[in-house]
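What follows is one structure encoded as C-alpha cells, with my remarks underneath.
First listed ligand is number 1; within each ligand, the first listed atom is number 1. Note that this is a predicted model, so its numbers are computed, not measured.
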Amino acid sequence: MSKEVSLEKIVSLAKRRGFIFPGSEVYGGLSGTWDYGPLGVLLKQKLIDLWKDYFVYQRSDMLMVDSAILMNSKVWQASGHTETFTDPLVECQNCHNRFRADKIDLSTCPHCSKKNTFGVAKNFNLMFQTLIGPNSNEDQVLEIDKKALLNLINQQSGKVLKFKLNNFTVQANSNLVYLRPETAQGIFTNFKNIIDSIYPDLPFGLAQHGKAFRNEISPRDFVFRSREFEQLEIEYFIQANDWQKYFDQWINLIQDWYQLIGLKKESIHLLEVSGDDLAHYSKRTIDFEYDFPIGRQELSGLAYRTNFDLTNIANFSNKNVDYRDKKTNEVFIPHVIEPSFGIERMIMAVITEAYTEEIMEDQSTRVVLKLSKQLAPIKVVVSPLLKNNQLLVDKALDLFNSLKKALKFVLYDDNGNIGKRYRRADEIGTPYCVTVDFQSLEDQTVTVRDRDTTNQERVDINNLIAYLN
Ligand code: ATP
C-alpha cells in the first residue's frame with residue numbers, strides 16, 4: 001500500500017517552507033545532492049539527537065566514534081568494496097541514457113521507449129574517487145614498476161591505471177582515495193584502537209554518524225537515493241554463539257525506534273533478504289521497509305556480518321584484532337550485528353507519516369505536519385493578536401524573548417491575520433501557537449492553540465513554560 005500523499009506534495013512543502021532544497025540550484029542543480037534549509041537542519045539534528053539518545057546515551061554498552069571520511073584505500077580493498085561494491089549498469093544503444101539494470105524493465109528503454117536496445121550489463125563501482133595530496137607525479141608512480149608503467153602510460157595517458165601483477169590488482173596511482181560509501185568501515189578500522197584504549201566488556205557496540213557518498217547510477221525520488229547522504233550505523237560486537245539472540249533483540253529495538261519517531265507499526269515491513277540478494281559476508285539480513293509515496297522501499301537494514309570485516313582487517317593489515325574475554329581469557333575475533341540507518345530516508349518517512357490534509361468548515365484545506373513534539377523543528381510560535389497595537393506587540397515580544405531563552409525553538413510571527421499564522425505554523429508541524437490579546441494585558445493569560453485539535457486554551461503566563469513542556 002502506498003501512502004496517499006504524493007511525493008510531489010512532500011517535495012513542494014520541503015522547498016516552500018525551507019526544509020530541503022535541490023543542491024546547487026542556482027547553477028541548474030547537481031543530480032543526487034540536496035541542501036538543508038533552516039527547518040530541515042533542525043529536523044535532521046533532532047532526529048540525530050534522538051537516535052543517539054535512544055541507541056547510545058541511554059545504554060551502557062554503546063560508544064561512539066567519528067572517523068575520517070577519507071581513508072587509506074586498503075580499507076576498501078580489504079572490505080571488498082573496490083571489487084564488489086557495484087551496481088549493474090546498462091546503456092540504451094538508441095538514446096545512450098544509462099540505467100541500473102536491476103531497477104528497470106530491460107525490454108523497453110524508460111527514456112526513449114525503444115525496444116530491445118540494451119546490451120549486457122556492466123558492473124559499475126559506486127565509490128567516488130579523488131586524489132590526495134599534490135597531483136600524482138610520475139616519479140612516484142614509476143617506482144612501482146618502471147617498464148610496465150611506462151608502456152601503459154604511453155598507451156593510456158591521463159587514466160588511473162590498474163594492472164594485474166602475480167594475480168593481484170595493482171592500482172598504479174598511489175594518490176587515489178575514495179569518499180567512504182558507508183560509515184561502517186570507519187568503525188571496524190577503529191576496533192583495535194577501542195580495545196587498546198577502552199577495552200569494553202563484550203557485548204558492546206560502536207556507533208557512528210556521518211556522511212557517506214555513492215555514485216548512484218540514477219539518483220531519484222527526492223532524497224531517497226542521493227549521491228551524498230548521512231548514515232547512522234552501529235557495529236554490535238558479540239560472541240559468535242550469541243548471534244541469534246542479539247539479532248532478535250535488535251529487531252525489537254529497531255521496531256520500537258520507528259514507533260518513537262512516529263512511524264506507524266503497520267507502515268513498517270520486515271523483509272527477510274535471501275538468495276542472491278544476500279551479501280556474501282552476511283548470514284542473515286533484514287530490510288526494514290516503509291510505505292513511502294514511491295511504494296514500499298528499504299528504510300534501513302539489519303545484518304549479521306559474522307567476523308568477516310575484522311578478519312579481513314587482520315589479514316590485510318597483519319595487525320591483531322583479537323578480543324580477550326575478561327573472565328575466561330578466551331581469545332577470538334568477535335562477530336557483529338549491524339543496524340544501518342540513513343537519515344534522508346528517515347526524514348522522508350517521518351514527513352510522509354506526518355503529512356495530513358484536512359478539509360475545514362469553510363471548505364479550505366489545512367495542511368498539517370503531525371510531527372512528534374520531540375521532532376518538530378519549531379516548538380512554539382508567538383504572535384500579538386494585532387500587529388499595529390504597540391501594547392500587544394511589546395507584550396508579545398517580551399514573552400517571545402523569555403520563551404526563546406527557555407525553549408530555544410520558538411518563532412515570532414506577526415505577518416497576516418491570526419488564521420494565516422496558524423496555517424503557516426501547522427504546515428511546519430509547530431505543536432503550539434501562543435497569542436497575546438487584549439485580555440492578556442489585563443489578566444496575564446494568553447491563548448494557547450493546539451496544532452492537532454485546533455482547540456484553544458487560556459493559560460497563565462507564569463505557567464506557560466510548564467504547560468508547553
Ligand atoms: P538500496 O538497496 O536501496 O540501494 P542498500 O541496501 O545499498 O540500499 P545499505 O548499503 O544497506 O543500502 O545502506 C544502509 C542504509 O543507508 C540504507 O538502508 C539507507 O537508509 C541508506 N542509504 C543507502 N544508500 C542511500 C542513498 N543512495 N541515498 C540515501 N540513503 C541511502
| query | What's the shortest distance from atom 18 (O) of ligand 1 to any protein heavy atom, and which residue and atom give it? | reply | Glu298 OE2, 2.7 Å

| task | State whether Arg98 and Glu91 are salt-bridged, where the test is any N-O pair (Lys NZ or Arg NE/NH1/NH2 against Asp/Glu carboxylate O) under 4.0 Å. | result | yes

| task | Please identify which atoms of ligand 1 are closer than 4.0 Å to at least one heavy atom of Gly342. | result | 20 (O), 21 (C)

| said: At under 4.0 Å between heavy atoms, is it the side chain or the backbone of Arg225 that contacts ligand 1, or both, or neither? | reply: both

| task | Report the part of Leu299 (side chain from C-beta onward, or backbone N, CA, C, O) that has a heavy atom under 4.0 Å from ligand 1; answer both or neither where that applies. | result | backbone

| query | Where is the nearest protein heavy atom to atom 28 (N) of ligand 1: which residue, which atom, and how far? | reply | Ser226 N, 3.0 Å

| Ring-ring centroid check Phe237 Phe191, cutoff 6.0 Å | yes

| Against heavy atoms of Val223, which atoms of ligand 1 measure under 4.0 Å? | 29 (C)

| message | Please confirm whether Phe224 approaches ligand 1 to less than 4.0 Å, judged on its heavy atoms. | response | yes

| query | Salt bridge or not for Arg100 and Asp102, using N-O below 4.0 Å? | reply | yes

| request: Answer yes when Arg284 and Glu272 have at least one side-chain N-carboxylate O distance shorter than 4.0 Å, and no when they do not. | output: yes

| task | Ignoring angles and geometry beyond distance, decide whether Glu216 reaches within less than 3.5 Å of ligand 1 through its nitrogen or oxygen atoms. | result | yes

| message | Checking the N or O distance criterion of under 3.5 Å, is ligand 1 in contact with Phe229? | response | no

| Region of Gln231 that comes within reach of ligand 1 [heavy atoms, distance under 4.0 Å] | side chain

| note | When distances are taken from atom 14 (C) of ligand 1, the protein heavy atom at minimum range is Ser340 OG, 3.0 Å

| message | Within the 3.5 Å criterion, strictly below it, is a donor on Asp49 or Gln45 matched to an acceptor on the partner's side chain? | response | yes

| said: Using a plain distance cutoff, I'd like to know if Glu344 has any nitrogen or oxygen under 3.5 Å from a nitrogen or oxygen of ligand 1. | reply: no

| Just by distance, do the side chain of Asn312 and the backbone of Gln77 share a donor-acceptor pair under 3.5 Å? | no

| Given Arg220, Glu182, Arg227, Arg214, which has its nearest heavy atom closest to atom 9 (P) of ligand 1? | Arg214

| Is there a donor-acceptor pair closer than 3.5 Å between any side-chain N or O of Ser73 and the backbone N or O of Leu176? | yes

| query | Charged N to carboxylate O under 4.0 angstrom, Lys15 versus Glu25? | reply | yes

| message | If the test is ring pair (Phe, Tyr, Trp, His ring centres under 6.0 Å), which one of Trp257, Phe341, Tyr258 qualifies with Tyr54? | response | Trp257

| request: Could you list which atoms of ligand 1 come closer than 4.0 Å to a heavy atom of Ser300? | output: 18 (O)

| Has ligand 1 got any nitrogen or oxygen that is less than 3.5 angstrom from a nitrogen or oxygen of Phe341? | no

| message | Tell me whether the rings of Phe292 and Tyr290 are parallel (<30°), tilted (30 to 60°) or perpendicular (>60°). | response | perpendicular

